[in-house]
Each structure stands twice: as C-alpha cells, then as structure tokens.
Amino acid sequence: MKKILITGGAGFIGSHVVRLFVEKYPSYHIFNLDALTYAGNLENLKDIEDKPNYSFVKGDITDKGFINELFNTHKFEGIIHLAAESHVDRSITDPLAFVKTNIIGTVNLLNAAKETWKNDFDNKLFYHVSTDEVYGTLGQTGLFTETTAYDPNSPYSASKASSDHFVRAYGETYGLPYVISNCSNNYGQNQFPEKLIPLFINNIINNKPLPVYGDGNYTRDWLYVKDHALAIDLVFHKGETEETYNIGGFNEWKNIDLVKLLCAQMDKKLGRPNGASEKLITYVKDRPGHDLRYAIDASKINKELGWKPSVTFEQGLEITIDWYLNNENWLNHITSGEYKSYYQKQYS
Ligand code: NAD
Ligand code: TYD
C-alpha cells in the first residue's frame, strides 16, 4: 500500500481532502497528521474514521524529533501539506504562531522528506497547499496568475509566502520533487466560524450583529471546498513537478454583496421575513492592512489538467447553509470554549 501523509487533515479543507483520498484510493493508506489546535476537529471525519486505509496521528509539525521519527517509521511516498495557522485576524494578533507553524513546521516536513527519500526521488512528491494571498492585493482590475510576483501584506500571507519559497528552494537545492497550488477563498461544510461565511451564518442563526469590516467593498474569489479537494487530487496525480497551479472559483464577490445574498438565503431557510437578517449588518473598524481584492486566473489548471468548479456559488452556498442548519451540534461544540474568548477579543 502506498503511504500518503496528509497534514492538517482534521481542519476545514484537509478533512475534505482526507475523505476524498480515503474513499477514492483504497490502495493508498492515508495518514492524517494533525495537532488538533482550536481549528482541528475529528468530528469532521467521523464517517471515515474506521476505514482500514485511514490512520489518525496526533502530532505537531513544529516538533522536529517527532516528525523525523514518524517519517522514519512510515517512509511516506507522498505528502500533501495543509497544516497551518490559517486566519488573517489571528495572524495580526499573534504573528509568531504563524512563523512557527507555517514556516518552521513546513521546513521540518521538507527536511524529513529529504532525509527519508535520500536522493531517491522516483515516484515521490511533496505537495504544498498554499493561498492566493501570497500575491498581495489587486486593484479594481487584473487577475493573479502563476507568474504574479509575491507581495504578501499580512503576517499570515507573509508566512505562507515564506513556506512556498522554502518548498521551491528545496526543489532547486536538493532536487526534492514538489508541486504548489495557490487557491482563493474556500467555503463549505466544516469551516471554522471565524472566517466570513460560517461566522455570519452562525450569527444570523443566533440573531447577532454581522460585523462587516470597513465599507464592505473588499472583493474575494470564492470556491466551494469540495471543488478545491478535487483540484488537489488532480494536481497531486497529474500536475507537473516544480510547477505552481492557481486554483480559483471564477467567482468574485464584494463582501457586502455576498453578505446580502447570504442574508436573503438564510431568511428563506429560517422562514424569516425577507430583509430580517440584513438588519443585522453592522459596519465595524477595518482590518489593518486589509487586501482590497483577490481574483485568480485559473486557466492553467483548467487547460492543462481539465479542472473547473462543479457548482455555482448560489448552489454551493445553499449546500453550505443547509449543512450548518442541520449540524447544530457541530456548531455548538465548536463555538463553546476558546471560540468565546476569541470572539470577545476580536469583536468587542
Ligand atoms: P484550518 O485552520 O481549518 O485547518 C488547519 C489544520 O491544521 C487544523 O486541523 C489544525 O489543527 C492543523 N494544525 C495547525 N497547526 C498545526 C501544527 N503545528 N501541527 C499539526 N497540525 C496543525 O485551515 P484550512 O482553511 O483548512 O486551510 C488548510 C490549508 O489551506 C492551509 O495551509 C491554508 O493556508 C490553505 N488555504 C486555505 C484557504 C481557505 O480559504 N481556507 C484558501 C487557500 C489556501
Ligand atoms: P476571511 O474569511 O477572514 O478570509 P480572508 O481574510 O483570508 O480573505 O475574510 C473574507 C473577507 O471578509 C475579508 O475581506 C475580510 C472580511 N470580513 C469581515 O468583513 N468581517 C469579518 O468578521 C470577517 C471574519 C471577515
């Protein structure tokens, strides 16, 4: 059995990738390595936890000794690296946590892969999952392509940019086979309610204010998480090594327009009068260094690997809302404890 390590598999995107690989590839053994930080949740994988080709390993990618031993024991042939600190607002409060996990953690994994593979790189691959935020911000026009210069603005994007550079440097210096993808904003089932869409769904359910940063005229390109997982599958199996693939939804929304659409869909689902949820919109202090606009040119992955999103934004959003409404327990578990103090600090 081919042993594949997926890091961060208990998180939002990672859990969808783990499920896809466990179910689609019975000849792979999938090891899910996750430290179970506030963002990691094994409830995300309940339906597959007993599958014979799946193992969960609790551990921290910043722990060099532990990582080396894990690689020594299992001699993974492929790595799909998603573990990260992923929220921009938290990176503004605590940049060092992002340096530690996103940079040092990634370098630990690169070293362990290099040592384990010992220059026999045939049929090996280090796949680094990254973000479009490394490119910085766009003005009103233009798109990020794979050749756009890196220009990160937040501690989060700076740490992801740094980890991308390390991955590329290990390819150049040691010949480590790698591939990188840079994706736009994801949404869907199991996203931690600190990010815009699940935070606002949770607040609408609970009739709490919807804190729109600044004037709300910031633009993001949204992609349904399962379409990202399918793109990761394609890049892992068919992507060229030493290449980067941009992944995006061809789906730009100004925050305020997205929030109004979400409010309208939620009013229908909750049987509230049209316009009720919009009344919860509250403009709050802007995020420092807030990137104006992200938008991806995903034509390379489309032309070379035949990938494109499978659902429209309206469809994906409806699936997402239905999931949160039908999984109140998940939301209740997640929003107890640490979430309360985070929310208080961020929004009071
Ligand atoms: P997430 O915050 O939901 O999950 C991150 C996971 O990593 C959690 O399960 C957490 O427990 C784990 N983790 C954190 N620190 C760890 C450590 N030191 N050791 C081991 N595990 C650790 O993140 P996500 O939104 O699923 O993002 C996954 C990856 O995709 C990240 O690398 C992120 O940069 C990238 N990405 C995210 C988006 C997005 O919109 N969410 C878009 C593009 C790229
Ligand atoms: P977010 O989901 O944090 O993703 P990112 O910052 O990585 O793009 O935020 C998406 C957009 O929504 C971003 O422009 C910031 C904005 N936003 C708010 O207006 N209010 C909020 O409470 C949050 C979390 C985000």
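Atoms within a ligand are numbered from 1 in the order they appear, just like the ligands themselves.
The closest approach between Tyr156 and ligand 1 falls below 4.0 Å for a heavy atom of the residue. Gly9 does not count as a contact of ligand 1, since none of its heavy atoms falls under 4.0 Å from the ligand. Ligand 1 lies less than 4.0 angstrom from a heavy atom belonging to Ser184. Within the structure, the closest approach of Thr101 to ligand 1 falls below 4.0 Å when heavy atoms are considered. Under the 4.0 angstrom criterion for non-hydrogen atoms, Gly105 is not in contact with ligand 1.
Contacts with ligand 1 closer than 4.0 Å are made by backbone heavy atoms (N, CA, C, O) of Leu36 only, the side chain lying farther away. Under 4.0 angstrom from ligand 1, the non-hydrogen atoms of Lys160 all belong to its side chain.
Using a distance-only test at 3.5 Å, with no hydrogens or angles considered, a donor-acceptor pair links the side chain of Asn108 to the main chain of Thr62. A side-chain donor-acceptor contact under 3.5 Å links Asn53 to the backbone of Val22.
Asn326 and Asp322 are not linked by any side-chain donor-acceptor pair at a separation below 3.5 angstrom, with hydrogens and angles left out of the test. There is a side-chain donor-acceptor pair under 3.5 Å between Glu133 and Tyr294.
Cation-pi geometry between Arg293 and Tyr218 is not met: the NZ or CZ atom fails to fall both under 6.0 Å from the ring centre and inside 45° of the normal. In this structure, Lys3 fails the cation-pi test against Phe76, since its NZ or CZ atom is not both closer than 6.0 Å to the six-membered ring centre and inside 45 degrees of the ring normal. Geometric assessment of Lys285 against the ring of Tyr347 yields a negative cation-pi assignment under the 6.0 Å and 45° thresholds.
Interface of Asp60 with ligand 1, defined as ligand atoms under 4.0 Å from a residue heavy atom, comprises 17 (C), 18 (N), 19 (N). Close approach of ligand 1 to Gly59 is summarised as follows: ligand atoms under 4.0 Å from at least one heavy atom of the residue are 19 (N), 20 (C). Set against the non-hydrogen atoms of Ser130, the atoms of ligand 1 under 4.0 Å away are 43 (C), 44 (C). In the vicinity of Asn185, heavy-atom distances shorter than 4.0 Å reach the ligand 1 atoms 40 (O). If you number the atoms of ligand 1 from 1 as listed, the ones under 4.0 Å from a heavy atom of Val129 come out as 30 (O), 32 (O).
Considering backbone and side-chain N/O atoms, Tyr38 never comes within less than 3.5 Å of an N/O atom of ligand 1. Taking only nitrogen or oxygen atoms, main chain and side chain alike, Glu194 does not reach within less than 3.5 Å of ligand 1. Between Ala83 and ligand 1, no pair of N/O atoms sits closer than 3.5 Å. Annotation: Leu33 places no N or O atom under 3.5 Å from an N or O atom of ligand 1; distance criterion only.
When ring centroids are compared, His87 and Tyr156 stay outside the 6.0 Å threshold. Two rings, from Tyr187 and Phe313, have their centers less than 6.0 Å apart. A distance of 6.0 Å or more separates the ring centres of Phe12 and Phe192.
Annotation: side chain of Asn102 is not in contact with side chain of Ser86 (no heavy-atom distance under 4.5 Å). Annotation: side chain of Tyr224 is not in contact with side chain of Leu317 (no heavy-atom distance under 4.5 Å). Taking 4.5 Å as the limit, every side-chain heavy atom of Glu194 sits out of range of all side-chain heavy atoms of Gln346. The side-chain heavy atoms of Trp323 and Glu318, taken from C-beta on, include no pair separated by under 4.5 Å. You'll find the side chain of His128 reaches within 4.5 Å of the side chain of Phe126, heavy atoms only.
Nearest non-hydrogen protein atom to atom 10 (C) of ligand 1 is Thr37 OG1, 3.3 Å. Ranking protein heavy atoms by distance to atom 43 (C) of ligand 1, first place goes to Cys183 O, 3.3 Å. Among protein heavy atoms, atom 21 (N) of ligand 1 sits closest to Ala35 N, 3.1 Å. For atom 40 (O) of ligand 1, the nearest protein heavy atom (residue, atom name, distance) is Asn186 N, 2.9 Å. For atom 27 (O) of ligand 1, the closest heavy atom belonging to the protein is Ile13 CD1, 3.8 Å. Here the heavy atom of the protein found nearest to atom 19 (N) of ligand 1 is Ile61 N, 3.0 Å. Protein heavy atom nearest atom 1 (P) of ligand 1, with residue, atom name and distance: Ser86 OG, 3.5 Å. Gly11 CA, 3.5 Å is the protein heavy atom nearest to atom 4 (O) of ligand 1.
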- Message: Could you go through His290 and Tyr213, starting from their C-alpha distance and side-chain angles, then the distance that decides it, and tell me whether this counts as side chain to side chain contact (heavy atoms under 4.5 Å, CB included)?
- Response: CA-CA 9 Å; His290 199 165; Tyr213 294 160; 3.9 Å; yes
Could you list, one pair per line, each nitrogen or oxygen of ligand 2 together with any protein nitrogen or oxygen closer than 3.5 Å, giving atom names and the distance rounded to 0.1 Å?
residue  : atom   : partner : partner atom : Å
ligand 2 : 2 (O)  : Leu196  : N            : 2.9
ligand 2 : 3 (O)  : Arg287  : NH2          : 3.0
ligand 2 : 4 (O)  : Asn185  : ND2          : 3.3
ligand 2 : 6 (O)  : Arg287  : NH1          : 2.5
ligand 2 : 6 (O)  : Arg287  : NH2          : 3.4
ligand 2 : 7 (O)  : Glu133  : OE2          : 2.5
ligand 2 : 8 (O)  : Asn185  : ND2          : 2.9
ligand 2 : 8 (O)  : Arg220  : NE           : 2.7
ligand 2 : 12 (O) : Asn255  : ND2          : 3.4
ligand 2 : 14 (O) : Arg220  : NH2          : 3.3
ligand 2 : 14 (O) : Asn255  : ND2          : 2.9
ligand 2 : 14 (O) : His290  : NE2          : 2.7
ligand 2 : 19 (O) : Tyr213  : N            : 2.8
ligand 2 : 20 (N) : Pro211  : O            : 2.8
ligand 2 : 22 (O) : Pro211  : O            : 3.4
ligand 2 : 22 (O) : Tyr347  : OH           : 2.6

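Here Ile6 contributes atom CD1 and Ile13 contributes atom CD1; the two are 12.5 Å apart, rounded to the nearest 0.5 Å.
Partners of Asp233 by side chain to side chain donor-acceptor pair (under 3.5 Å), not counting sequence neighbours, listed by chain and number: Lys24, Tyr25, His237.
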